[in-house]
Amino acid sequence: MRIRAAVAAVSGALALSALAVPAAHAAGAPYTLNVSFSNVTIAKSIKVGTTYEVSAKYSYTLTHGSDVNIKASDFYTDAFLYKGTYDTPTAELYGDQPATCTDTSATTATCTGTVDIYPADGDLKNAWAGSWSVAAEAVAFNGQNQDNPADLSKVGYKDQSGLGTTLVQRYSKLTADATPEPVKKGSTITVAGKLTRADWDHKTYIPLASQSVKLQYRKGGTTTWTTLKTITSSSTGYLKTTTTATYDGYYRYSYAGTSTTAAVSSSADYVDVQ
């Protein structure tokens, strides 16, 4: 259930409900529900590819008046993401279900849920990658018909914007192939690879050009990666450089990412030095 649907009140105010409500069949305007939202947590970044659903968990504290029954079957609350300004957002992202709230006192509750993103269904555009803001909302129908409340003045609603931020990033992929294998000590090793990222507009992966990528090495039997050099991806996302064989070990490429593109490290490629 996606909570947010426009409800046009007679006064011209805008409220939101669990389902779309035809304004022509409703009287009055929703009142301001006696709730507030705080302590919002959500992942610092949400990495989204082109095919699979991505669910980002969130939580927040819901503080409410004694007159608000958050256990009622027609009370709903959730958090959601919006891009741009709250009054005129470029885009919004919601969860499939309302949040689940657990009482922590007579007037507070901890609410948890997920924002569910479906890139294959067109939920995202490339231009929307980067920073998104967090808002939360709650609606109490108080026995009114949720499909078509006869009296909107008996429906309570409250929303609150600017509760936090997160990065919604284009998922990236990176490969590395070190050759030859095996190799003599002191000989040259060539490491090739490719950097790509999700294209939400066309639901595919495309080369990521002109990006700084680190070539890293980890000696066999150790856990620490050492950066050997930094190179730049070509116009086709291609990577290629050389290094000198010293000891048995692993080679990989590592990309730090940007605000719009997720960081990624390739799988490690082992080279036997003889």
Are a donor atom and an acceptor atom from the side chains of [X] and [Y] found within less than 3.5 Å of each other?
| X | Y | result |
| --- | --- | --- |
| Thr258 | Thr260 | yes |
| Gln169 | Thr261 | no |
| Lys57 | Ser59 | no |
| Thr77 | Tyr60 | yes |
| Thr114 | Asp116 | yes |

Hey, does the side chain of [X] reach the backbone of [Y] with a donor-acceptor pair shorter than 3.5 angstrom?
| X | Y | answer |
| --- | --- | --- |
| Ser254 | Lys214 | no |
| Gln160 | Phe37 | yes |
| Ser259 | Gly130 | no |
| Lys229 | Thr242 | yes |
| Tyr52 | Pro119 | no |
| Lys173 | Arg197 | no |
| Gln144 | Ala150 | yes |
| Glu181 | Thr179 | no |
| Asp248 | Asp272 | no |
| Asp123 | Tyr118 | yes |

Starting from [Y], can I reach [X] by hopping between I/L/V/M/F/W/Y residues whose side chains sit under 4.5 Å apart?
| X | Y | value |
| --- | --- | --- |
| Val264 | Ile231 | yes |
| Tyr205 | Leu174 | no |
| Tyr171 | Ile117 | no |
| Leu239 | Tyr217 | yes |
| Tyr94 | Trp200 | no |

Among Tyr82, Phe80, Trp132, find the residue that satisfies the side chain to side chain contact (heavy atoms under 4.5 Å, CB included) test when tested with Leu93.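 When side chain to side chain contact (heavy atoms under 4.5 Å, CB included) is applied between Leu93 and each of Tyr82, Phe80, Trp132, only Trp132 qualifies.
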Could you tell me if the side chain of Tyr247 sits less than 4.5 Å from the side chain of Lys185, heavy atoms only?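 Touching, per the 4.5 Å side-chain cut-off.
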Begin with the C-alpha distance, continue with both residues' side-chain angles, and end with the deciding distance and a verdict on side chain to side chain donor-acceptor pair (under 3.5 Å) for Ser45 and Lys47. CA-CA 6 Å; Ser45 61; Lys47 304 169 182 60; 3.0 Å; yes
So which heavy atom on [X] is nearest to which on [Y], and how close?
| X | Y | result |
| --- | --- | --- |
| Asn142 | Val155 | ND2-CA, 4.5 Å |
| Thr244 | Gly186 | CG2-O, 3.7 Å |
| Leu81 | Ile42 | CD2-CD1, 3.9 Å |
| Ile70 | Ala109 | CD1-CB, 3.7 Å |
| Cys111 | Ala99 | CB-CB, 4.1 Å |
| Arg170 | Asp199 | NH2-CA, 3.9 Å |

Enter the distance from [X]:[atom1] to [Y]:[atom2] here, rounded to the nearest 0.5 Å.
| X | Y | atom1 | atom2 | value |
| --- | --- | --- | --- | --- |
| Asp103 | Lys71 | CG | NZ | 4.0 Å |
| Asn34 | Lys158 | CG | NZ | 8.0 Å |
| Ser210 | Leu195 | OG | CG | 10.5 Å |
| Tyr253 | Thr175 | OH | OG1 | 9.0 Å |
| Asp78 | Leu62 | CG | CG | 11.5 Å |
| Glu137 | Ser161 | CD | OG | 11.5 Å |

Show your working on side chain to side chain contact (heavy atoms under 4.5 Å, CB included) between Trp128 and Asn126 and close with a plain yes or no. CA-CA 5 Å; Trp128 298 346; Asn126 292 339; over 6 Å; no
Chi angles and distances behind the side chain to side chain donor-acceptor pair (under 3.5 Å) call for Thr236, Ser234: CA-CA 5 Å; Thr236 58; Ser234 72; 3.0 Å; yes
